[in-house]
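Everything on this sheet refers to the single structure shown next.
Labels below follow one simple rule: chain letters A, B, ... track the order of the sequence lines, proteins then strands, and each chain is numbered from 1.
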Amino acid sequence: MVDVYTFVSGPLAWAAFTICIGGCLYRLISLIVLAYKKERFIFTYMSFSYGLRSIVHWITPFATENWRRHPVLTVVTFAFHISLVIAPIFLLSHIVLWEEAWDLRWPALPDALADTMAVIVIAGCIFFLVRRLKLPEVQFVTTASDYVILAIVAAPFVTGFLAYHQWVAYPYMVIAHIISGEVMLVAIPFTRLSHMVFSPLTRAYMGSEFGKVRMARDW
Amino acid sequence: MTEPAQQSETKAQDKGIEVGISKLDVERIEKVVTGVLKGETGARLKAYVETCIHCGLCSEACHYYLSHDKDPHYSPVGKVKQTLWEMIRKKGRVSPEFIKTAAVIAHTECNMCKRCAQYCPFGIDIAYIISVVRRIIHRLGATPLYIQDTAHSHSVTMNQMWVKADEWPDTLQWQEEEAQAEIPTLRIPLEKEGAEVMYSVIGPEPKFQAQLIYQAAIIMDVAGVNWTMPATIGWDNSDMAMYTGDNELMGRIKRTHFETAARLKVKKIVMGECGHAFRSVYDMGNRWLGWKMPPIRIVHAIEFYYDLLKEGRIKIVKKFDQPVTLHDPCNVVRGGGLGEKSRYVANAICEKVIEMVPNYEHNYCCCAGGGVINCGPPYKMTRVNGNRVKAEQLFSAKTKGAKVLIAPCHNCHSGLHDIVHHYGVGLDIKFFADIIYACMEKPEATEA
């Protein structure tokens with residue numbers, strides 16, 4: 001048991017972080033190289049200020065027409081994405097691991113808040129799942145991979161939540177939590193979770209086109 | 001889990017598509033699809049396809065979707081699913097029947113108005129994706145018949161309407177003579193080198209809307225504009241090749257247009273009230289030719305009238321007294337930021353302007369643009385049924401008192417005409433020039 005734990009939290013974690021960061025960099029760089037080779041005009045039209053203007057509007061709740069049209073979705077998706085990113089980074093138990101391994105430390109969230117955030121992420125996944133199953137316009141364009149992605153995202157939070165509360169099979173749950181977290185890290189660059197990396201770019205390009213050429217708002 | 005019911009409407013028969021696909025087999029399709037996807041697309045398409053999270057949030061942007069009771073087949077992403085995703089998934093090995101469906105969807109169920117780009121959280125350019133599908137259809141030779149005919153006309157005559165070389169100056173002379181009945185000194189100056197303005201129009205104007213050239217000549221003359229029109233090819237700023245995915249032809253057309261302006265040594269090109277032509281000269285065609293922005297300044301009619309009114313070069317004797325509502329064409333408002341200037345002109349020439357909702361860059365499309373109306377009569381009801389939401393929007397403006405609908409774009413004009421008639425909206429549709437011509441101060445008419 002201890003051996004397994006040592007393995008998943010040691011070499012496997014190394015591998016997962018390496019693949020995640022390396023993979024994201026690879027995807028990002030290869031996209032930029034491709035743009036440079038075949039669509040160099042993208043750099044010509046890309047505008048920092050207009051790109052940022054567009055991104056800021058879209059990462060602000062209710063700042064766009066479409067966010068306002070879907071108030072429930074907007075609240076859920078913002079709470080979901082913020083929790084998804086913030087909770088793992090500022091969870092005390094994670095910070096302790098960083099401290100043990102690297103002697104790095106930073107302020108932690110209160111456990112109760114982090115716990116709530118995990119629940120928000122899980123609830124968000126359920127919301128997105130129900131949306132996929134129930135809304136015809138979402139269901140029509142849903143593929144199997146969409147469910148897989150949801151499961152990949154939900155797993156570390158479900159297992160983490162259960163491990164934290166130590167309700168069932170704690171040691172197994174911790175290992176399942178670590179593995180599922182690593183699966184998610186590895187999946188980021190190679191599935192449509194890569195929207196984490198790409199969406200600022202697509203948004204910035206559309207914002208630049210709208211700002212500089214079309215002189216209209218894209219929100 | 002069941003998929004929503006298939007679209008119940010029967011799709012129109014189109015000889016361009018039917019004959020086109022009869023010559024296709026899976027191997028040929030595979031070759032063309034992979035050729036386009038590998039050879040002609042790059043980072044944009046890759047990022048768009050791989051970033052799309054299948055959330056469906058673009059749906060409500062689309063007038064087809066809204067008008068078909070939210071049938072997901074008509075949502076922007078739904079249309080991409082039925083066309084490009086499938087081509088990518090099957091690595092190009094799709095059937096001729098599939099190409100037929102894809103051709104109908106890409107050419108007649110999307111106006112490439114880019115409203116969805118304003119609703120996608122990631123800013124995915126779905127109109128661009130549809131244009132890639134059209135490009136594939138073009139290279140497969142299965143483009144709808146009517147729009148392909150206009151592309152052929154461009155290729156042969158460098159205008160959209162098979163206007164022959166002698167018919168063009170002949171039409172201008174005819175309109176000049178007509179206008180001289182009103183202003184005897186009026187000229188339509190041809191080939192005047194060094195004029196400030198080259199005025200360019202779309203093919204349908206000399207073909208069957210010659211009074212628009214008459215009105216433009218009156219406005220130019222009264223405003224004292226130093227203007228000219230070419231007597232040669234290059235007078236037509238329209239471009240259906242842009243919408244059929246025939247980019248090479250688009251380049252030829254735009255090169256001819258710009259080179260004609262350069263030959264005449266004009267300072268700017270002023271164009272009539274047309275949306276797609278503006279997109280072609282300002283956004284698409286210039287880029288194909290390697291110009292970041294147009295090589296010669298392009299002034300759309302709305303901006304031109306704005307300047308003339310603001311500078312007092314034309315004066316309004318009596319404002320148009322019927323309440324108007326203003327349609328914002330996608331290509332000049334979402335595509336060129338002319339929303340404010342359009343309102344300035346409307347308020348300067350009309351007593352009362354009633355806003356339709358939504359408006360500005362959020363306005364609903366006319367459902368004619370993007371080459372859809374140019375796909376011809378077989379698809380008239382596709383356009384009309386696909387834009388019930390526009391009729392509702394217009395009705396709502398009418399209940400607020402609007403009697404006249406100003407549509408400063410040819411395609412919008414024709415498309416809205418069909419919608420207004422079919423749904424019995426009962427609005428009179430006008431161009432800005434119609435109202436300016438009627439309300440402007442003109443020299444005393446001389447009796448012959």
With a 4.5 angstrom heavy-atom cut-off, could you sort out which part of [X] is near chain B: side chain, backbone, both or neither?
{"X": "A/L201", "answer": "neither"}
{"X": "A/L31", "answer": "both"}
{"X": "A/T202", "answer": "both"}
{"X": "A/W58", "answer": "side chain"}
{"X": "A/H57", "answer": "neither"}
{"X": "A/Y36", "answer": "neither"}
{"X": "A/Y205", "answer": "side chain"}

For chain A, the option from [options] that forms the most heavy-atom pairs under 4.5 Å:
{"options": "B/G56, B/G42, B/C52", "value": "B/G42"}
{"options": "B/A61, B/P358, B/C120, B/A47", "value": "B/C120"}
{"options": "B/Y48, B/Y360, B/Y282", "value": "B/Y282"}
{"options": "B/K114, B/K46, B/Q118, B/E40", "value": "B/Q118"}
{"options": "B/G290, B/P121, B/G337, B/S59", "value": "B/P121"}
{"options": "B/A117, B/C58, B/S75, B/G339", "value": "B/A117"}

Looking at every heavy atom in both [X] and [Y], which two are closest together, and how far apart are they?
{"X": "B/M356", "Y": "B/L326", "result": "CE-O, 3.4 Å"}
{"X": "B/D239", "Y": "B/H276", "result": "N-NE2, 2.9 Å"}
{"X": "A/F157", "Y": "A/P88", "result": "CZ-CG, 4.0 Å"}
{"X": "A/V186", "Y": "A/A16", "result": "CG2-CA, 3.9 Å"}

Hey, are the side chains of [X] and [Y] touching, using non-hydrogen atoms and a 4.5 Å cut-off?
{"X": "B/H73", "Y": "B/Q82", "result": "yes"}
{"X": "A/Y147", "Y": "A/L133", "result": "yes"}
{"X": "A/I59", "Y": "A/H81", "result": "no"}
{"X": "B/I129", "Y": "B/L45", "result": "yes"}

Using a cut-off of under 4.5 Å for heavy-atom pairs, which of [options] has the most such pairs with chain B?
{"options": "A/F41, A/F128, A/W67", "answer": "A/F41"}
{"options": "A/H70, A/R192, A/K38", "answer": "A/R192"}
{"options": "A/H195, A/K37, A/E39", "answer": "A/E39"}
{"options": "A/D218, A/L34, A/V141", "answer": "A/V141"}

So, the side chain of B/N111 versus the backbone of B/G369: is there a donor-acceptor pair under 3.5 Å, distance only?
yes
Using the salt bridge (charged side-chain N to carboxylate O under 4.0 Å, His left out) rule, pick out the option among B/R334, B/R343, B/K341 that qualifies with B/D328.
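Only match with B/D328 under salt bridge (charged side-chain N to carboxylate O under 4.0 Å, His left out): B/R343.
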Select one option (side chain, backbone, both, neither) describing which atoms of [X] are under 4.5 Å from chain A's heavy atoms.
{"X": "B/D283", "result": "side chain"}
{"X": "B/R44", "result": "both"}
{"X": "B/V80", "result": "neither"}
{"X": "B/V333", "result": "backbone"}
{"X": "B/F278", "result": "neither"}

Lys/Arg N to Asp/Glu carboxylate O, B/E109 vs B/K79, below 4.0 Å:
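Judged by the 4.0 Å cut-off on N to carboxylate O distance, B/E109 and B/K79 do not form a salt bridge.
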Could you tell me whether B/E303 and B/R297 have a side-chain N and a carboxylate O separated by less than 4.0 Å?
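Yes, charged N to carboxylate O under 4.0 Å.
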Tell me if the aromatic rings of B/H300 and B/Y306 count as close, with their centers under 6.0 Å from one another.
no
